[in-house]
Amino acid sequence: MTTTADLWHHYGRTRAERDRAVPDAFHWIWSQDGGPGCEVLGDLSGRVVGDLGAGAARHAAHLAVHHEPAEVVAIDASPAQCGMAIDLFAHLAPRLRIALSDAVPHLQAAKSTYDVLFSVFGAIEFTDPRELLSATAAALKPGGRLVFSTLAHYLNGAPAQPDLVAADIPAMTPEGETASLRRWVLQEQVWVKALDEAGFTDITVDMLPAKSDGPRAADTLLVIADRQC
């Protein structure tokens with residue numbers, strides 16, 4: 001588990017104060033108001049599902065309530081985010097389990113455990129893909145599925161990276177001091193190559209356009225890949 005400052009301490013707190021409901025819908029796009037739903041995950045009945053970088057676990061809670069999985073594990077390295085998730089959704093246990101951990105060590109300790117792993121602008125974007133994708137493949141059962149949404153370009157409009165490199169983005173410590181996070185915003189072919197090298201097959205990438213032209217509007221890449229059997 002990370003021992004650095006919790007750079008997600010402030011994220012989502014305002015919403016958590018006014019919205020405590022399990023979401024009725026599941027969205028992949030950046031604006032969280034359209035696009036495909038969780039049908040791209042496949043049939044989740046009786047399956048073990050993991051949310052990589054779950055934040056306050058809203059997506060995980062939706063799956064636990066509406067899709068009858070055996071278990072959904074909401075994995076996040078932020079103590080503040082996990083604390084919010086517990087406050088909001090602890091009543092959904094044991095179907096929903098909240099795990100405070102960096103994604104890579106959690107997955108490394110869970111070989112061939114998961115039927116489905118997903119990330120909605122979560123750990124996939126904030127962890128070196130060379131480490132995370134191989135750990136993800138190992139944690140999936142043969143034929144298991146990974147689905148994630150990620151930015152198709154930077155929020156300032158700059159194009160995604162043509163190579164597997166990260167950029168620093170602004171963040172804030174719990175004390176309000178300026179800090180930065182590493183974020184991987186990659187072009188489609190870079191994701192495909194990284195997934196192939198990690199042992200995934202049947203890789204598809206769809207570009208989901210932004211629904212508006214606001215200052216923080218962004219297109220989304222929706223990536224689906226299966227672990228080799």
Handout entry: Sidechain-backbone polar pair: Gln32 side chain, Ile29 backbone, donor-acceptor under 3.5 Å
Key = yes
- Is a donor on one side and an acceptor on the other found under 3.5 Å between the side chain of Ser119 and the backbone of Leu52? yes
Handout entry: Joint hydrophobic cluster, Val205 plus Leu208, side-chain heavy atoms closer than 4.5 Å
Key = no
Heavy-atom closest pair (Leu164 atom, Ala194 atom, distance to 0.1 Å) is CD1-CB, 4.0 Å
Closest non-hydrogen atoms of Val40 and Pro36, given as atom of the first, atom of the second and distance, are CG1-CB, 4.3 Å
| Heavy-atom side-chain proximity of Pro79 to Leu100 below 4.5 angstrom | yes
May I ask you to decide if Phe118's main-chain N or O and Arg145's side chain share a donor-acceptor pair within less than 3.5 Å? no
Note to self: Test of understanding: clusters of I, L, V, M, F, W, Y form through side-chain heavy atoms closer than 4.5 Å, transitively. Do Leu41 and Leu117 belong to the same one?
What the structure shows: no
Check whether Glu197 reaches the backbone of Leu195 with its side chain - one donor and one acceptor, N or O, closer than 3.5 Å. no
**OP:** Would you mind reporting whether Leu92 and Val65 have side-chain heavy atoms less than 4.5 Å apart?
**Re:** yes
Q: Report yes or no: do Leu133 and Leu221 belong to one cluster of Ile/Leu/Val/Met/Phe/Trp/Tyr joined by side chain heavy-atom distances under 4.5 Å?
A: yes
Here the pair of heavy atoms bringing Ala160 nearest to Gln187 is O-NE2, 3.1 Å
* Taking NZ, NE, NH1 and NH2 as the nitrogens, is one of them in Arg182 or Asp128 under 4.0 Å from a carboxylate oxygen of the other? -> no
The reported gap from OG in Ser112 to CZ in Arg227 (rounded to nearest 0.5 angstrom) is 4.5 Å
All heavy atoms of Ala64 vs all of Leu96, minimum pair found to be CB-CB, 4.1 Å
| said: Are the side chains of Ile224 and Leu146 in contact, using a 4.5 Å heavy-atom criterion? | reply: no
Rounded to the nearest 0.5 angstrom, the CG-SG distance for Leu63 and Cys38 is 5.5 Å
Taking side chain as C-beta onward, heavy atoms only, is Met207 less than 4.5 Å from Leu222? no
Does NZ in Lys193 sit with more than 12 non-hydrogen atoms of other residues, nucleotides or ligands closer than 6.0 Å? no
Under 3.5 Å: donor-acceptor pair, side chain of Ser134, backbone of Glu131: yes
Is there a path of hydrophobic side-chain contacts, each under 4.5 Å between heavy atoms, that joins Val223 and Val49?
no
Are the side chains of Val116 and Leu44 in contact, using a 4.5 Å heavy-atom criterion?
yes
In this structure, CD of Glu188 is separated from CG of Asp206 (nearest 0.5 Å) by 8.5 Å
Between Asp115 (side chain only) and Gly144 (backbone N and O only), is there a donor and an acceptor less than 3.5 Å apart? no
Sorted by chain and residue number, the ring-ring contact (aromatic ring centres under 6.0 Å, His included) partners of Phe121 (sequence neighbours excluded) come out as Trp30
### Query
Would a distance-only check, ignoring hydrogens and angles, find a side-chain to backbone donor-acceptor pair under 3.5 Å from Lys211 to Asp33?
yes
Value for OG1 (Thr220) from CG (Leu151), rounded to nearest 0.5 Å, stands at 7.0 Å
So ring pair (Phe, Tyr, Trp, His ring centres under 6.0 Å) across residues 132-174, not counting sequence neighbours, yields Phe148-Trp191
| Are side-chain heavy atoms of Glu125 and Trp184 found at a separation under 4.5 Å? | no
Could you tell me whether a side-chain N or O of Trp28 sits under 3.5 Å from a main-chain N or O of Gly37, the two making a donor and an acceptor? yes
Residues pairing under side chain to side chain donor-acceptor pair (under 3.5 Å) where one sits in residues 66-77, two or more places apart or in two chains, turn out to be His62-His67, Glu71-Arg97
**Prompt:** When you look at Ser78 and Asp6, which way does the side-chain hydrogen bond (donor to acceptor under 3.5 Å, both in side chains) test go after all the steps?
**Reply:** CA-CA 6 Å; Ser78 163; Asp6 186 353; 2.9 Å; yes
When every non-hydrogen atom of His106 is compared with those of Tyr114, the smallest separation belongs to NE2-OH, 2.7 Å
Distance col, row Ile86:CD1 vs Met84:CE, nearest 0.5 angstrom, shows 11.5 Å
Look only at the side chain of Arg95 and the backbone of Pro69, and say whether a donor-acceptor pair between them is shorter than 3.5 Å.
yes
| query | Which is it for Val104 and Thr127 under the side chain to side chain contact (heavy atoms under 4.5 Å, CB included) test, yes or no, and what are the steps along the way? | reply | CA-CA 8 Å; Val104 170; Thr127 311; 3.8 Å; yes
When rounded to the nearest 0.5 Å, the distance separating CG of Asp87 from CZ of Phe89 is 9.5 Å
Next item on the list: For residues Val73 and Asp51, determine if any side-chain heavy atom of one lies less than 4.5 Å from a side-chain heavy atom of the other.
Entry: no
- same_hphob_cluster(Ile124, Val185) at 4.5 Å side-chain heavy-atom cutoff: no
Smallest heavy-atom separation, Ala60 atom then Val72 atom, equals CB-CG1, 3.6 Å
**Report entry** Any side-chain heavy-atom pair of Leu107 and Leu132 under 4.5 Å
**Finding:** yes
Q) Is the side chain of Asp43 donor-acceptor paired with the backbone N or O of Ser45 at a distance under 3.5 Å, no angle test? A) yes
(Q) One pair to check against side-chain hydrogen bond (donor to acceptor under 3.5 Å, both in side chains): Gln228 and Thr201. What are the steps and the verdict? (A) CA-CA 6 Å; Gln228 293 177 354; Thr201 187; 5.2 Å; no
